[in-house]
Amino acid sequence: MEEILKKIEQQFKITHIEQKRKNLAFFFVQKETAIPVIVHLRDFEGFKHLVLLTAVDWIEDKKFQLTYLLNHPEKKADIGVKVLIDRKNPEMESIHHLWKQAKTYQRELREMFGINFPGSPKVDEPFILEGWTDIPPYRRDFDTKKYSEETYFPRPGRSSNDPVTYMKQKLYPDE
């Protein structure tokens, strides 16, 4: 893995390299470099399988972090390519032409975070949240409590507890 990381570092500008285990590493690249790095890893380094594509909402930094996790089947190794994109204009080049399953991940990220992948098949069609009109629910500024209170009716017999007090009573009933 160290050899592969050194090669990538020489050819591309990568930062924040984290080797979690001997067969798992993550690093950051600029948005413009992400697809060339991913293609290089697939075509020249043997990372042939896209394990997942996921996102994190760094609302304080006004960024989304995309993580592309790639697997090298022969070496049983994984590399995570991380990219920060602007939260105001969340758009990233599609990789559906590299792996067929990428279009599913991209549709989900479009719907749940509002991240656009122009040109990805069916990216603008409803996927999970048919008829959804609110902001994407995985964004950190989506108020799940408010949405729940406005959407679902209260059921008789239900009570709400402060989690800290409730757990203390359950764990230490004699105190």
Side-chain angles (χ1 to χ4, degrees), residues 1-73 75 77-129 132-144:
M1 182 68 80
E2 288 177 29
E3 190 179 303
I4 291 169
L5 289 171
K6 283 180 186 173
K7 272 200 253 180
I8 297 298
E9 201 171 14
Q10 289 171 355
Q11 292 184 17
F12 301 96
K13 185 179 178 188
I14 66 173
T15 60
H16 301 88
I17 301 167
E18 274 187 280
Q19 191 147 357
K20 298 288 188 176
R21 297 187 309 264
K22 91 177 179 180
N23 63 346
L24 174 64
F26 292 89
F27 57 81
F28 277 91
V29 295
Q30 293 296 315
K31 180 179 175 179
E32 305 76 35
T33 313
I35 305 307
V37 168
I38 290 167
V39 169
H40 178 84
L41 287 166
R42 185 192 71 168
D43 294 350
F44 298 104
E45 303 299 337
F47 288 85
K48 300 195 180 308
H49 177 65
L50 174 66
V51 177
L52 63 84
L53 168 57
T54 190
V56 177
D57 185 356
W58 296 112
I59 193 170
E60 299 85 359
D61 300 329
K62 299 178 178 65
K63 300 280 183 197
F64 285 118
Q65 173 189 306
L66 295 175
T67 302
Y68 299 82
L69 188 62
L70 310 176
N71 175 263
H72 191 303
K75 292 186 179 185
D78 297 305
I79 282 187
V81 179
K82 297 180 179 184
V83 182
L84 293 174
I85 61 172
D86 186 39
R87 200 171 183 278
K88 248 187 180 172
N89 183 25
E91 190 170 285
M92 184 64 189
E93 187 178 339
S94 176
I95 60 165
H96 73 276
H97 60 287
L98 302 174
W99 290 283
K100 286 184 181 182
Q101 75 268 29
K103 67 182 179 186
T104 303
Y105 293 124
Q106 292 172 164
R107 280 182 74 191
E108 181 182 18
L109 294 177
R110 168 71 173 177
E111 195 164 86
M112 303 307 269
F113 286 93
I115 300 168
N116 192 21
F117 297 88
S120 187
K122 299 182 179 183
V123 75
D124 293 321
E125 293 179 18
F127 182 56
I128 301 165
L129 306 172
W132 186 262
T133 57
D134 213 324
I135 68 169
Y138 282 6
R139 285 183 175 232
R140 287 185 42 213
D141 48 347
F142 176 72
D143 188 341
T144 53

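- Counting heavy atoms of neighbouring residues, nucleotides and ligands inside a 6.0 Å radius, atom NZ of Lys6 does not exceed 12 of them.
- Closest approach of Leu66 to Ala55, counting heavy atoms only: CD2-CB, 4.0 Å.
- Contact between Leu70 and Val51 at its shortest, heavy atoms only, is C-CG2, 4.3 Å.
- Residue Asp57 forms a salt bridge (charged side-chain N to carboxylate O under 4.0 Å, His left out) with just one option from Lys63, Arg140, Arg139, Arg87, and that option is Arg87.
- Looking only at side-chain heavy atoms (C-beta outward), Pro137 and Met112 come within less than 4.5 Å of each other.
- When side chains are defined from C-beta on, Glu125 does not count as touching Arg110, because their heavy atoms never get closer than 4.5 Å.
- Counting only heavy atoms from C-beta outward, the side chains of Ile38 and Trp99 approach each other to under 4.5 Å.
- The environment of CD in Glu2 is sparse: at most 12 heavy-atom neighbours from other residues, nucleotides or ligands sit within 6.0 Å.
- Residue Glu91 holds its CD atom at 11.0 Å from CD1 of Ile115, rounded to the nearest 0.5 Å.
- To the nearest 0.5 Å, atoms NZ (Lys82) and CD1 (Ile14) are separated by 12.5 Å.
- Within the 3.5 Å criterion, the main-chain N or O of Ile35 finds no donor-acceptor partner in the side chain of Tyr68.
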- [ ] Start with the C-alpha gap between Gln101 and Leu50, add the side-chain angles, then the distance that decides, and say whether side-chain contact (heavy atoms from CB on, under 4.5 Å) holds.
- [x] CA-CA 8 Å; Gln101 75 268 29; Leu50 174 66; 3.5 Å; yes
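- Of all heavy-atom pairs between Leu84 and Phe28, the closest is CG-CE2, 3.9 Å.
- Atom CD of Gln30 is surrounded by 12 or fewer heavy atoms from other residues, nucleotides or ligands within 6.0 Å.
- The shortest distance between side-chain heavy atoms of Ile4 and Lys75 falls below 4.5 Å.
- For the atom pair Lys122 NZ and Gln106 CD, the distance stands at 14.5 Å (nearest 0.5 Å).
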TODO: Given side-chain contact (heavy atoms from CB on, under 4.5 Å), test Ile79 with Met1 step by step and report yes or no.
DONE: CA-CA 9 Å; Ile79 282 187; Met1 182 68 80; 3.7 Å; yes
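- The two residues Val29 and Ala34 come nearest to each other via the heavy atoms CG2-CA, 3.6 Å.
- Other residues, nucleotides and ligands place no more than 12 heavy atoms under 6.0 Å from the CH2 atom of Trp58.
- Under the 30°/60° scheme for interplanar angles, the aromatic rings of Tyr138 and Phe113 are found to stand perpendicular.
- Side-chain contact between Trp132 and Glu111 is absent, with no heavy atoms from C-beta onward closer than 4.5 Å.
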Task: Verdict with supporting geometry, Thr67 and Val56, side-chain contact (heavy atoms from CB on, under 4.5 Å) - done: CA-CA 8 Å; Thr67 302; Val56 177; 5.6 Å; no
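- Residues Val81 and Phe27 meet the side-chain proximity criterion, which asks for heavy atoms closer than 4.5 Å.
- To the nearest 0.5 Å, the span separating CG on Leu69 from CZ on Phe47 amounts to 9.5 Å.
- When all heavy atoms of Pro118 and Ser94 are compared, the closest pair comes out as O-CB, 3.9 Å.
- Using a 4.5 Å heavy-atom threshold, the side chains of Leu41 and Ile8 count as touching.
- Atom CZ of Arg107 is separated from atom CD1 of Ile128 by 9.0 Å, given to the nearest 0.5 angstrom.
- In this structure the side chain of Lys13 never reaches within 4.5 angstrom of the side chain of Thr33, judged on heavy atoms.
- Interatomic distance, Asp143 CG to Ile135 CD1, rounded to the nearest 0.5 Å: 9.0 Å.
- Under a 3.5 Å cut-off, the side chain of His72 and the backbone N or O of Glu45 do form a donor-acceptor pair.
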